[in-house]
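Worksheet for the structure shown next.
These numbers come from the heavy atoms of this one structure, side chains and all, not from hydrogens, waters or symmetry mates. Convention: sequence-line order gives letters A, B, ...; per-chain numbering from 1.
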Protein chains: 4
Amino acid sequence: MSVSALSVSALSDSQIEDLITQSLAARENSYSPYSKFRVGAALRTTDGKVFQGCNVENASYGGAICAERTAFVKAVSEGHRRFVAIAVSCDFNSFITPCGICRQFMNEFGKSLEIFFVNDDRTYKRAILEDLLPFAFGPEDLPDNSEKQKA
Amino acid sequence: MSVSALSVSALSDSQIEDLITQSLAARENSYSPYSKFRVGAALRTTDGKVFQGCNVENASYGGAICAERTAFVKAVSEGHRRFVAIAVSCDFNSFITPCGICRQFMNEFGKSLEIFFVNDDRTYKRAILEDLLPFAFGPEDLPDNSEKQKA
Amino acid sequence: MSVSALSVSALSDSQIEDLITQSLAARENSYSPYSKFRVGAALRTTDGKVFQGCNVENASYGGAICAERTAFVKAVSEGHRRFVAIAVSCDFNSFITPCGICRQFMNEFGKSLEIFFVNDDRTYKRAILEDLLPFAFGPEDLPDNSEKQKA
Amino acid sequence: MSVSALSVSALSDSQIEDLITQSLAARENSYSPYSKFRVGAALRTTDGKVFQGCNVENASYGGAICAERTAFVKAVSEGHRRFVAIAVSCDFNSFITPCGICRQFMNEFGKSLEIFFVNDDRTYKRAILEDLLPFAFGPEDLPDNSEKQKA
Ligand SMILES: [Zn+2]
Ligand SMILES: [Zn+2]
Ligand SMILES: [Zn+2]
Ligand SMILES: [Zn+2]
């Protein structure tokens with residue numbers, strides 16, 4: 001991921017390690033009887049608070065909500081709208097990237113979010129949201145809504 | 001709502017009042033620049049914990065997550081899967097019922113959930129989820145998944 | 001399904017048989033590698049045209065679109081907005097009911113839609129949408145949008 | 001869009017013009033009373049068939065289905081799974097890019113899809129899906145599902 005590799009994380013090493021730990025722990029509450037694929041996320045706000053999320057699936061597959069979106073709605077519902085970074089972990093030995101639905105959802109709150117894809121062994125890759133959803137369709141693309149992101 | 005009117009709430013009057021208060025307060029964090037329609041929810045677990053949720057919208061309208069689902073994923077991500085009741089409030093003088101997406105999402109965790117539709121003046125109506133989503137498509141309808149609800 | 005049992009279908013027996021046949025055939029194009037659960041739907045407009053739909057799943061489970069919604073967006077994209085009935089079939093010997101997401105989606109176009117749940121052996125049950133999504137949240141519930149359904 | 005600018009379209013000029021014309025026409029059937037934002041799409045299969053789609057919104061904002069997904073489910077439900085290009089048009093003078101939900105949905109059927117963002121005056125920009133959803137989470141990322149894309 002060349003673009004992001006050029007930038008430096010806004011987080012300290014210990015903050016990154018904490019986010020990784022929390023994303024791995026967040027998997028524990030996953031409700032994923034259909035995919036049998038547990039995912040955890042940990043989202044850090046600009047003022048240093050961390051929200052854990054997990055995937056919550058549904059018999060109607062289309063009703064599933066991913067770990068990343070769970071973390072976001074938790075934070076937003078507690079009054080937070082500015083975020084620095086999110087870490088995402090899954091169960092098997094692999095780097096998992098957010099799905100397009102989550103990229104779209106996160107984009108509403110800023111393109112410069114740092115995303116850490118965490119492996120079981122705590123190794124990770126890193127990207128910026130804008131690198132994962134370039135030319136995003138966002139609040140500024142709706143007519144007369146250019147101010148909406150601030151709402 | 002005749003069916004539910006016949007049953008008695010598992011909540012005491014003061015528990016109902018508390019749930020109403022929390023659902024009204026939950027609206028404050030709503031992110032709803034597109035509908036301009038703030039919704040709040042308060043979800044009570046069987047062990048008496050309450051989770052507040054609000055709607056979180058998206059420039060891609062289809063990405064929106066309702067207040068009820070926000071409250072549910074918050075609770076699930078904190079380890080809760082058994083719920084007694086949810087109260088839902090909106091901004092204008094009206095009783096609002098959960099959309100079908102939320103009914104489907106909530107059904108995953110039990111058909112007997114009590115739902116309170118709360119008006120601005122704290123008056124409310126009450127129903128049981130099964131009354132709002134009769135003949136639901138649920139975990140037991142998927143082949144070989146009859147045990148999934150317990151997962 | 002007592003309520004609907006009291007009403008008489010607007011369709012003739014041969015029209016019902018045709019809808020059943022088409023919903024069974026519609027399963028053939030199902031893209032369902034994740035649930036391995038093929039679903040077909042056949043939607044009849046007020047002017048007698050029938051649109052077939054199938055479920056189309058996605059690696060991100062939440063991206064799945066059900067057979068019913070596929071049939072609806074096909075019809076709407078061809079200029080149709082008034083519907084009489086939909087038949088829904090699945091693979092295994094069972095009556096399948098639409099999920100809450102589909103009930104919500106169909107409600108946008110009228111509460112009196114007839115729904116046939118079809119078994120593999122062509123036996124079926126029948127309901128009216130309003131029976132499956134009572135007290136629906138619809139276009140008329142949004143502020144200043146009471147005319148939207150006609151849009 | 002530098003990456004795609006380096007590649008050459010698999011379509012002839014007249015095929016591109018036809019796709020643009022059909023995407024503009026597809027807007028006519030849009031059901032968009034909430035966003036008041038009509039979108040049209042035209043999807044071309046590898047064997048030269050074109051499917052038109054439009055956005056179909058819902059009172060529950062989260063129930064909305066975009067024009068791109070409408071075109072895809074139409075095509076899949078008619079037996080098509082291999083696609084060359086999609087053109088997307090909206091009403092106001094702007095290049096519109098697909099939302100992340102649609103990018104995720106389209107990715108299921110191949111990363112090399114050409115996407116044309118069409119302006120009202122028929123000018124357009126072009127990208128490849130992989131450029132818009134890099135490091136996608138797809139069928140190959142699910143355990144034991146590496147063969148699913150072919151299903
Ligand atoms: Zn996701
Ligand atoms: Zn809802
Ligand atoms: Zn459905
Ligand atoms: Zn879209």
Side-chain angles (χ1 to χ4, degrees), chain B residues 1-4 32 34-39 55 60-69 73 88 90-108 111 115 117 120 125-146 148, chain C residues 1-4 32 34-39 55 60-69 73 88 90-108 111 115 117 120 125-146 148:
Chain B
M1 299 188 184
S2 54
V3 175
S4 58
S32 42
Y34 307 109
S35 72
K36 297 178 173 54
F37 181 77
R38 300 189 313 161
V39 185
N55 54 335
S60 164
Y61 279 41
I65 295 181
C66 298
E68 298 94 319
R69 282 177 284 156
V73 295
V88 190
C90 67
D91 262 352
F92 51 95
N93 210 47
S94 172
F95 298 107
I96 184 178
T97 58
C99 79
I101 306 173
C102 289
R103 295 179 193 190
Q104 178 69 39
F105 197 85
M106 298 190 293
N107 181 70
E108 194 80 17
K111 299 172 185 300
I115 305 178
F117 319 130
D120 237 15
K125 294 185 179 177
R126 176 177 164 273
I128 302 297
L129 178 54
E130 192 166 18
D131 299 340
L132 299 185
L133 197 70
F135 309 100
F137 178 83
E140 65 282 4
D141 293 312
L142 285 167
D144 300 322
N145 289 342
S146 55
K148 281 191 172 171
Chain C
M1 300 188 184
S2 54
V3 176
S4 58
S32 42
Y34 306 109
S35 71
K36 297 178 173 52
F37 182 76
R38 297 189 315 160
V39 185
N55 53 336
S60 163
Y61 279 40
I65 295 181
C66 299
E68 299 94 317
R69 282 177 284 157
V73 296
V88 190
C90 66
D91 262 352
F92 51 95
N93 209 46
S94 170
F95 297 107
I96 184 178
T97 59
C99 79
I101 306 174
C102 289
R103 295 179 193 191
Q104 177 69 38
F105 197 86
M106 298 189 292
N107 181 70
E108 193 80 17
K111 300 171 185 300
I115 305 178
F117 319 130
D120 238 15
K125 295 185 179 177
R126 176 178 164 273
I128 302 298
L129 178 54
E130 192 166 18
D131 299 339
L132 297 185
L133 197 71
F135 309 101
F137 178 82
E140 65 282 4
D141 294 311
L142 284 167
D144 300 322
N145 290 341
S146 54
K148 281 191 173 169

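If you take SG on C:Cys99 and CG on B:Asn107, they are separated by 10.5 Å, rounding to the nearest 0.5 Å. The line from CZ of C:Phe117 to CZ of B:Phe135 is 7.5 Å long, rounded to the nearest 0.5 Å. Taken from CZ in C:Arg103 to CZ in B:Arg103, the straight-line distance is 9.5 Å, to the nearest 0.5 Å.
Under the side-chain contact (heavy atoms from CB on, under 4.5 Å) test applied with B:Phe137, the options C:Val88, C:Ile101, C:Thr97 reduce to a single match, C:Thr97.
When every heavy atom of B:Gly100 is checked against every heavy atom of C:Leu133, the shortest pair comes out as CA-CD1, 4.0 Å.
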